Amino acid sequence: QVQLVESGGGLVQPGGSLRLSCVASGFTFSASVMNWYRQAPGKERELVAGISETSRNINYADSVKGRFTISRDNSKNTVYLQMNSLKPEDTAVYYCNAAYVSLRYWGQGTQVTVSS
């Protein structure tokens, strides 16, 4: 069955870094656009970053440009989100998302808390 398993979240101080990983299985990862979304308490889920199948096209939310980097390794069925210079407003549950043909898959989410 389809699985997206995120890891790497946790508690970090402002200015710190975290690297999220999402391991995919059950579908053709290399043919899927991969995205990271986040949802903070009381807010709607928002797109943080997306990466095309071959990594040729990458996009970021304005709020994370210059601080976050999305990447993928198709040989490992894994997508990453490197998060630097973290701010308290980055606190949220981060979700991995796959867009494969007309299908959409979601991971269970990983909590990121930025606090001193």
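Everything numeric here is computed off the predicted structure, so don't read it as measured data.
- For the ring-ring contact (aromatic ring centres under 6.0 Å, His included) test, no residue two or more places apart in sequence or in another chain qualifies with Y80.
- The closest side-chain heavy-atom distance from S32 to M34 is below 4.5 Å.
- The distance between the ring centers of Y60 and F68 does not fall below 6.0 angstrom.
- Under the 3.5 Å distance criterion, with hydrogens and angles disregarded, no donor-acceptor pair is assigned to the side chains of T78 and D73.
- Considering only heavy atoms from C-beta on, S7 stays 4.5 Å or farther from T110 through its side chain.
- With a 4.5 Å cut-off on side-chain heavy atoms, Y94 and L81 count as touching.
- Cluster partners of Y37 are L47, V93, Y95, W106, counting Ile, Leu, Val, Met, Phe, Trp and Tyr whose side-chain heavy atoms approach within less than 4.5 Å, directly or via other members.
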Which side-chain N or O atoms in residues 48-59 pair as donor and acceptor under 3.5 Å with protein atoms at least two apart or in another chain?
unit_1, atom_1, unit_2, atom_2, d
S52, OG, R56, N, 3.2
S52, OG, N57, N, 2.9
S52, OG, N57, O, 3.4

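- With sequence neighbours left out, the side-chain hydrogen bond (donor to acceptor under 3.5 Å, both in side chains) criterion links Q111 to T113.
- For the atom pair CG of N97 and CD of E6, the computed distance is 10.0 Å after rounding to the nearest 0.5 Å.
- Atom CD of Q82 and atom OG of S17 lie 6.0 Å apart (nearest 0.5 Å).
- With side-chain heavy atoms closer than 4.5 Å counting as contact, directly or through intermediates, V23 stands alone and belongs to no larger hydrophobic cluster.
- Taking the side chain as every heavy atom from C-beta outward, P14 and K87 never approach each other to under 4.5 Å.
- Taking CG of N84 as the reference point, atom CG of L18 lies at 9.5 Å (rounded to 0.5 Å).
- For residues 89-116, the salt bridge (Lys or Arg N to Asp or Glu O under 4.0 Å) pairs, not counting sequence neighbours, are R38-D90, R67-D90.
- Taking the side chain as every heavy atom from C-beta outward, Q3 and Q1 approach each other to under 4.5 Å.
- The side-chain heavy atoms of L20 and W36, taken from C-beta on, include a pair separated by under 4.5 Å.
- With rounding to the nearest 0.5 angstrom, the CD1 atom of I70 is 6.5 Å from the CG atom of N35.
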Under the side-chain contact (heavy atoms from CB on, under 4.5 Å) criterion, do Y100 and V33 qualify, and how do the steps go? CA-CA 7 Å; Y100 174 59; V33 173; over 6 Å; no
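- Note that CG of N77 is 7.5 Å distant from OG of S30, once rounded to the nearest 0.5 Å.
- We find the CG-OG distance between L4 and S25 to be 7.5 Å, quoted to the nearest 0.5 Å.
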Could you check F29 against R72 for side-chain contact (heavy atoms from CB on, under 4.5 Å), going step by step and ending with a plain yes or no? CA-CA 10 Å; F29 179 82; R72 67 189 294 162; 3.4 Å; yes
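- Looking at V114 and Q13, their side chains never come closer than 4.5 Å, going by heavy atoms from C-beta outward.
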